[in-house]
Amino acid sequence: MVKSENKSDAIGILGGTFDPVHFGHLRSALEVCQQLELNHVRLIPCAIPPHRQDTMASADARRLMLELAVKYVPQLLVDDRELHREGPSYTVDTLLSLREEFVDNPLFLILGTDAFRGIKSWSRWQQILQLAHIVVVQRPDETLDLQEDLQHWYQQHLAKTEDRLLSSGMIWPLKVTPLAISATQIREDLMAGKPVNFLLPESVITVIEQLGLYRSKASEI
Ligand code: ATP
């Protein structure tokens, strides 16, 4: 079991709606875990996404799908702290809560390039690097073109290998295997009655079928 053999105390954090979780989420989380030699990555489903419409599946269904997806993958954990919180799921509040639990551990917040480009619109965004590192996940064919002020902030905090031991404060660009899978497409395919095999784990597809999720706009458990 990697979790007990791995001496690293660094923790990765991947938030999202996971409506539903798919191999794009899972594979990139695992590759970040390996590349940065993290102890594990916590997949954190959000309750009320601040930047988007409500989810189609309920919080309980999204958590159940995540738990099934990571069941046999010791490097990935489901952390449901945002589902117990009132109000919108702001990342900075999640990091504050993780910091109370993991006082000195290096924390690595994993973001896609698009999310990173929009970070200045996030609630208390300047506090994020005080609480964690940021990992900017790029597809191998993608260039990280940023607006001038964000580029400056990025350059100022760009990490060097030895910064891995710091608990927060640096930005880590990483390349991962591109898997062009989207939860939106999966939901649309399911609503159209098309097969979604090989886009997400079979155990997740089974529970989607059992609970009748994503058949219509009103699917809930
Ligand atoms: P939707 O299509 O509903 O917007 P999504 O999968 O893009 O879903 P989330 O579930 O919120 O959105 O994604 C959680 C995190 O996973 C985000 O940081 C997102 O950038 C990342 N992510 C989503 N799809 C992929 C993918 N195919 N490869 C790598 N990372 C992904």
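We count residues from 1, following the sequence as given. Start at 1 and go down the list; that is how both ligands and their atoms are numbered. From a predicted model like this one, the values you see are computed outputs, not experimental measurements.
Looking at Gly24, Pro178, Ser182, it is Gly24 that brings a heavy atom closest to atom 29 (C) of ligand 1. The residue from His25, Glu188, Met56, Arg27 that puts a heavy atom closest to atom 16 (O) of ligand 1 is His25.
By the 4.0 Å heavy-atom criterion, Arg187 is counted among the residues contacting ligand 1. For the ligand labelled ligand 1, residue Leu111 lies outside the 4.0 Å heavy-atom shell. Taking a 4.0 Å cut-off on heavy atoms, Gly15 registers as neighbouring ligand 1.
Between Trp172 and Phe108, the distance from one ring center to the other falls under 6.0 angstrom.
Few gaps surround CD on Glu101; more than 12 heavy atoms of other groups in view lie less than 6.0 Å from it.
Residue Ser28 touches ligand 1 through its side chain alone, judged by heavy-atom distances below 4.0 Å.
Every atom of ligand 1 is numbered from 1 in the order shown, and the set under 4.0 Å from a heavy atom of Phe18 is 10 (O). Every atom of ligand 1 with a heavy atom of Gly16 under 4.0 Å away is listed here by number and element: 11 (O), 14 (C). Within ligand 1, the atoms closer than 4.0 Å to a non-hydrogen atom of Leu179 are 26 (C), 27 (N), 28 (N), numbered from 1 in the order shown. Of all atoms in ligand 1, numbered sequentially from 1 with element shown, those under 4.0 Å from a heavy atom of Thr184 are 1 (P), 2 (O), 3 (O), 4 (O). Ligand 1 places these atoms under 4.0 Å from at least one heavy atom of Ile181: 24 (N), 26 (C), 27 (N).
Applying the ring pair (Phe, Tyr, Trp, His ring centres under 6.0 Å) test to His157 and every residue at least two apart in sequence or in another chain returns Trp153. In this structure Thr113 satisfies the side chain to side chain donor-acceptor pair (under 3.5 Å) test together with Glu142, sequence neighbours excluded.
Remark: the Arg164 side chain and the Ser8 side chain contain no N/O donor-acceptor pair separated by less than 3.5 Å. A donor-acceptor contact closer than 3.5 angstrom links the side chains of Asp19 and Tyr214.
Considering backbone and side-chain atoms together, His22 places an N or O closer than 3.5 Å to an N or O of ligand 1.
Taken together through direct or relayed side-chain contacts under 4.5 Å among Ile, Leu, Val, Met, Phe, Trp and Tyr, Leu76 and Leu83 form parts of separate hydrophobic clusters.
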> Under the side chain to side chain contact (heavy atoms under 4.5 Å, CB included) criterion, do Ile119 and Ile134 qualify, and how do the steps go?
Replying inline: CA-CA 11 Å; Ile119 197 167; Ile134 294 176; 3.7 Å; yes
